[in-house]
Amino acid sequence: MPEGNEIHRWAARHNAAFAGRKVNVLPGPNHRFRDAHLVDGKKMVQVHAVGKHLGYEFANGLYLHIHLGRFGDFTEGLGPLVEPKGTLRAVMQRAGSGKVSRSVKGNAHALTGPYNGPPSKDDGTQPFPAEDVDWWELRGPTDCSIYDSDKWQALLNRLGPDPLAHEPGGHDEPSRAIDAILAKKTSIAELLMDQEMISGIGNIYRAELLFRHRVNPFTPGDAMDTKTLKAIWKDAAVLMKAGMVDRRIVCTKKSDRPSKQEPALRGEEHYVYRRHGKPCFVCGETILRKDVAGRTLYWCPKDQHTTKEQTASALKPGVSLRSQRVK
DNA sequence: GCCTTATGCTCAC
DNA sequence: TGAGCCTAAGGCT
């Protein structure tokens with residue numbers, strides 16, 4: 001369920017664990033990933049992350065392309081693999097690290113922990129360094145398939161610049177995104193989610209970025225100004241980088257949190273995302289939500305200066321999104 | 001157990 | 001613009 005921060009984090013971890021090594025790539029129990037054999041047993045050169053896409057580059061010139069979509073996720077583990085579940089799609093394992101064991105019940109070593117931070121789960125499991133990862137398993141991706149280098153390059157060409165793919169100070173690329181946005185009449189809320197404009201931003205970051213810059217989400221791209229767009233780009237890079245490290249998207253400033261706690265308490269990570277019906281941390285106004293192009297947009301009508309009509313278009317409290325979509 | 005929701009995207013019409 | 005695909009969790013009965 002990742003945005004760009006998670007994708008770059010997986011790429012970093014899987015580079016540490018597998019880059020330069022021979023790996024086994026196996027289809028899941030249902031064998032839906034039929035092309036696994038094309039890279040199985042080959043040397044994995046390196047993992048690339050662009051926007052929300054992962055590309056595992058192999059020495060034979062092929063790429064294992066993975067897009068997690070909304071539901072996809074990895075489980076990493078140490079030691080022998082255990083009992084894959086039916087929904088499993090694919091597995092990568094260090095070659096020569098022993099046979100895949102399907103006899104052990106339970107998965108005591110498996111967890112999807114943060115880099116070196118505190119455990120992400122409340123079950124007491126401890127994180128381990130990426131270098132120690134022996135295998136990962138994948139479930140629920142939107143795509144898991146083999147690309148040749150032309151197909152991979154075509155993907156890169158299609159995607160807009162990625163805030164996480166650029167070094168601070170070397171920000172020449174955002175101009176491409178900014179020019180593209182300024183040429184569109186579509187709302188900035190939709191444009192921020194458009195991977196051909198900027199890649200890597202998803203529903204949480206778009207809502208939070210628009211709030212942090214007090215931008216009316218319904219503003220057309222061509223009515224935005226360059227200065228604000230530049231600021232949003234820079235902010236995106238900072239927030240997403242932080243989200244890469246602790247596997248937690250935190251967009252509130254300490255001074256805006258009701259508790260003033262650092263790190264942010266549960267429920268105080270976001271200004272507007274999933275806070276509909278609750279009071280804005282900054283102005284106290286009720287946070288609104290609306291279905292926009294199939295995704296839920298959250299905003300504060302006061303801080304983000306929405307018009308009466310835009311405010312009135314928000315979903316009524318208690319009404320389900322599904323019934324709203326059917327209108 | 002059913003319903004809803006969720007950090008996404010593609011394709012057919 | 002809508003349907004479809006993918007999986008899991010939480011709230012409700």
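Predicted model only: the values in this text are computed from it and were never measured. Sequence lines set the chain letters: A, B, ... in the order given, protein chains first and strands last, and positions in each chain run from 1.
Taking Y298(A) as the reference, Y273(A), H276(A) meet the ring-ring contact (aromatic ring centres under 6.0 Å, His included) condition, with sequence neighbours excluded.
The phosphate of dT5(B) has neither OP1 nor OP2 within less than 4.0 Å of any side-chain N or O from Y298(A). Phosphate proximity of dT7(B) to Y273(A): present, with a side-chain N or O under 4.0 Å from OP1 or OP2. Proximity of H67(A) to the phosphate of dG8(B): no side-chain N or O atom is located under 4.0 Å from OP1 or OP2. At dT7(B), one or more side-chain N or O atoms of R295(A) fall inside 4.0 Å of OP1 or OP2 (strictly under the cut-off). Using a 4.0 Å cut-off, no side-chain N or O of K52(A) falls inside it from OP1 or OP2 of dT7(B).
Rounded to whole Å, the distance from CG on L192(A) to P on dG8(B) is 12 Å. Rounded to whole angstrom, the span from the CG atom of L315(A) across to the C1' atom of dT4(B) amounts to 13 Å. The distance between atom NE2 of H65(A) and atom P of dG8(B), rounded to the nearest whole Å, is 15 Å. If you take CD1 of I204(A) and P of dT7(B), they are 7 Å apart, rounded to a whole angstrom. L159(A) places its CG atom 9 Å from the P atom of dT10(B), with the value rounded to the nearest Å. Q195(A) has its CD atom 14 Å from the P atom of dT7(B), to the nearest Å. One atom, CG of D143(A), and another, C1' of dC9(B), lie 10 Å apart when rounded to the nearest Å. In this structure, I7(A) places its CD1 atom 13 Å from C1' of dC9(B), rounding to the nearest Å.
Between F58(A) and W152(A), a ring centre-to-centre spacing not shorter than 6.0 Å is recorded. Y63(A) and Y147(A) have their aromatic ring centers separated by at least 6.0 angstrom.
Pairing for dT13(C) is absent, judged as Watson-Crick or G-U wobble with the two contacts each under 3.5 Å. In this structure, dA6(B) and dT7(C) make a Watson-Crick or G-U wobble pair, each of the two defining distances being under 3.5 angstrom.
When each of I198(A), D235(A), I232(A), N5(A) is paired with P163(A), the side-chain contact (heavy atoms from CB on, under 4.5 Å) condition holds for I198(A) and for no other.
Nucleotides dC6(C) and dG1(B), compared at atom P, are 23 Å apart to the nearest Å. Across the P atoms, dT13(C) and dT5(B) are found 15 Å apart, a figure rounded to whole Å.
For residues 44-55 of chain A, the set of pairs meeting the side-chain hydrogen bond (donor to acceptor under 3.5 Å, both in side chains) definition, not counting sequence neighbours, comprises H48(A)-E57(A), H53(A)-H65(A).
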Could you go over nucleotides 3-6 of chain C and give all protein N or O partners under 3.5 Å, atom names and distances?
| unit_1 | atom_1 | unit_2 | atom_2 | d |
| --- | --- | --- | --- | --- |
| dC6(C) | OP1 | R32(A) | NH1 | 3.3 |

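One finds no salt bridge joining R206(A) and E208(A) here, because no Lys/Arg side-chain nitrogen approaches an Asp/Glu carboxylate oxygen to under 4.0 Å. A salt bridge is defined here as a Lys NZ or Arg NE, NH1 or NH2 lying under 4.0 Å from an Asp or Glu carboxylate O, and R295(A) with E190(A) fails to meet this definition.
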